[in-house]
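A quick note: this is a predicted structure, and the numbers were derived from the prediction, not measured.
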Amino acid sequence: MTIKDPETIHDVEGVPVHNVHRHDVVIIGAGLAGMRAAVEASDEFDVAVISKVFPTRSHSGAAQGGIAASLANEEEDHWEWHMFDTVKGSDYLGDQDVIETLVKEAPVVVREFEHFGAPFSRTSEGRIAQRLFGGHTKDFGRGGPVLRACYGVDRTGHVLLHTLYEVCVRNQVRFYSEFHALSLIIEDGECRGVVAWDIVNGGVHVFHAKTVMFGTGGYGKVFKITSNALANTGDGLGMVLRAGLPLEDMEFVQFHPTGLYLQGILVSEAARGEGGHLINGKGERFMEKYAPDKMELAPRDLVSRSIQTEINEGRGINGEAYVYIDLRHLGKEKIMHQLPQIHELAWKFLHVDCVTDPIPIQPTGHYSMGGIPTDIDGRVLLDGKQIPVKGFYAGGECACVSVHGANRLGTNSLLEASLFGRRCGKSIIRYLRENREFSDLPADAAVEAIKMVKRLLSSDGDEKIGKIREDLQVMMTGKCGIFRNEKQLGDLKKELRKLEERYANVRLDDKSETFNTDLLEALELGNMLEFSELIVEGAYARKESRGAHSRTDFPDRDDGEWLKHTLAWKKDGKISFDYKPVTITRFQPKERKY
Amino acid sequence: MAILKFKINRYNPDDERRGHYEQEYELDVPKGYTVLDCLNDIKWKIDGTLSYRRSCRSGICGSCAMTINGVNNLACETQALSLKSDTVTIEPLRGYPVVKDLVVSLDPIVRGLMAVRPYMINKTPPPTDQERFQSPEERDKLEGLYECILCGSCTSACPSFWADKEYLGPHAFLKAYRFVADSRDEDARAHLEALDDKHGLWRCHTIFNCVEACPKGLNPTKAIAELKKEIVKGKVG
Ligand SMILES: Cc1cc2nc3c(=O)[nH]c(=O)nc-3n(C[C@H](O)[C@H](O)[C@H](O)COP(=O)(O)OP(=O)(O)OC[C@H]3O[C@@H](n4cnc5c(N)ncnc54)[C@H](O)[C@@H]3O)c2cc1C
Ligand code: SF4
Ligand code: FES
């Protein structure tokens, strides 16, 4: 018998045998969701984590303000209060059974982070310190704001992300760092792995798995002004759509009230939690008009709309498209001790010293409430409702279970990512205990992915990636931003189709295999174009205003018609919809006032 | 607005023949543009082959460290116009193998990090339904340590690393001390073990390059001094 060169041996068409890897669990994404799942599952099984950026560079690390849990370390608090706030914040679109799980398990998840070694800030008794955040209140909204956001200075995401990476290292999780996932391998309703591109060396790899989990994060980069990292392109959503699976509630996109003017970089809500004021061009604390009770600490959708209204009506600073967040009255010591990163960001990016000057801000694209529909155990749903895809899980910002409904409260998403990451890990363990064998890989598992990469690497059209992407971002911000209407959304639908045509005609400058970021950006743009249409179509279809989805032509919430989740598919370029009811347990929908 | 000339060090292993070379680009740079914004403009509008790492664009992910006019810094945090120079020279971080253009291999950074057992080690189980207590004073000891974003600037600037490629590097020492200094960690020895070695602490000649290079204003040299004390204490005690 002759020994064959591994380059020429293929189990999977087109992929050399040494590029085929096998693990019990393959997780795409090394943010809080992915790594929290990895920590859990690696107690018992062989876990690999694939990430297109080095793990600690995942976007979770940019989170500043805090992670919610009713620890009651600083003052009285209860999970029931947290639940009420989350339900109300969601404009009653959140599913109350999963919200109940979220708020009940929150204290456990946060304390576990502490046990793992996370350097939280501390109270004088040595407990985890907590601060105020918008929408979190006492006594079912009847009391004032409550100290619920657990924090590590203003680098909460950083401390949690690094801690999880450290625990993964301890648990010997296998990292495939700088691999870009291309497609899912799904056969007979069962997920059997993923195909990925090795960024550093080039080449297509196949990851054969018994279970796959997505923690691929958000997609802020479809907007021009955004707080999100350049890597936040929603790749997971593109892959899921291409695999013929639905996405849920994509029309709900959160715009954070306070992004640095023109940059979009976030000024954490902690700035308002610690007492910052919003000021318009006339020097007024304008939130008085919109939320007389909660003022700056009203939920984000409301504050963003208020700022945008001030700007649209000419009351921005000097009539321009920004207002101020003023921290000066907090004093130097409080700013430097509690908000040092904000001080640093304002200084480095706008040359504003927030001790002596107010910071120019505008609303910024921030968070995707919608995503891959899952059940309470993180199982991805084939029909979006009940039937799980075997062996496929999702958690964190890419998923929609749905705890945030139409609007997420600050600090609830680090919580969601960690908590449902952990739940994914647990349900993966349960699944693997019963499903010990690998199912066969289809021989053509990588064919589509290889075609996709080859097409781009030999592309010879006359469109540039950067230009198409910029057009997409400008259009999405202009016509599918904080305020929406039928006319603009209708135009946008057509324009997006044209962008897809242009995308088919791109040309990459870089045709090499090694660290080809031109290729990566093209792949990312392909994903963004894939799901942007669903955001727009979903927003077009939903003829009401709820949470972050605000239609000027339908300004009211319409529970009779629209108290339901959107499910959307894209097959052969055609979009189809279905809807599912919201789970309501403890709190009946009421008018939402702050 | 000003027109700046960017001289960028380039290398593509898929084109070995060309080797390392310098390429120039001219760019209209508006006020407020960071060096990363400039690189993005070059990449997106002029030359898509230019390669560099970036993600958060807000100085927290650690991807975009590079040498800008001779100084290691984060491109996303460096205002282009405040460099006060018509020409901006950009090179990959020194000392690491170059993968392509401004992208360097992360292997040395990861290797150094792993050597110090970069995770909290406890022998006693945590309390149930409670956090481990830590006073604000104890917590303050972690200030200046836990903020490291693993950008690699410090180790890249270190002559000891240039001379010995197996030297663990200041970033690794800082991480080790982050755990040694943590009142909750119960096995300082485990973090220190790898440091008491010829590729470890004793190779540090307190040149302070790392302190200067750190874009986050951290002080690895101080951590090294503290660690040396800990090791000596361990040997005596
Ligand atoms: C600036 C900012 C501040 C925030 N502050 C807070 C806060 O204070 N509190 C709060 O609760 N929430 C906050 N949020 C929201 C919160 O940070 C995110 O929702 C959360 O961190 C998402 O975690 P994740 O694990 O789902 O995704 P991420 O942390 O975004 O991780 C995604 C992972 O997927 C990987 N990935 C993606 N695509 C691919 C691919 N194709 N191939 C391979 N890997 C891939 C990435 O490499 C990355 O590792 C903030 C968000 C922003 C933008
Ligand atoms: S110590 Fe500073 S320079 Fe070194 S890796 Fe950490 S952040 Fe970067
Ligand atoms: S891009 Fe994240 S540190 Fe510069």
Counting only non-hydrogen atoms closer than 4.5 Å, does [X] touch chain A with its backbone (N, CA, C, O), its side chain (CB onward), both, or neither?
X      : answer
B/D185 : neither
B/D101 : neither
B/K216 : side chain
B/Q79  : side chain
B/E138 : neither
B/P13  : side chain
B/R139 : side chain
B/R117 : neither

4.5 Å side-chain heavy-atom contact, [X] and [Y]:
X      : Y      : result
A/H158 : B/Y146 : yes
B/E131 : A/R122 : yes
B/P126 : A/R111 : no
B/P127 : A/H115 : yes
B/S82  : A/H351 : no
B/Q134 : A/E114 : no
A/V53  : B/C61  : no
A/T163 : B/M120 : no

Checking an interface table here. Which of [range] come within a heavy-atom distance under 4.5 Å of chain A?
range                       : result
residues 103-111 of chain B : B/V103, B/L106, B/V110
residues 44-58 of chain B   : B/W44, B/K45, B/I46, B/D47, B/G48, B/T49, B/L50, B/S51, B/Y52, B/R53, B/R54, B/S55, B/C56, B/R57, B/S58
residues 14-26 of chain B   : B/D14

| query | Out of B/E137, B/K175, B/K31, which one racks up the most heavy-atom pairs below 4.5 Å with chain A? | reply | B/K175

Only pairs under 3.5 Å count here: list side-chain donor-acceptor contacts from residues 147-154 of chain B, not counting sequence neighbours, and write none if there are none.
from: B/E147; atom 1: OE1; to: B/G144; atom 2: N; distance (Å): 2.9
from: B/E147; atom 1: OE1; to: B/L145; atom 2: N; distance (Å): 2.9
from: B/E147; atom 1: OE2; to: B/G144; atom 2: N; distance (Å): 2.9

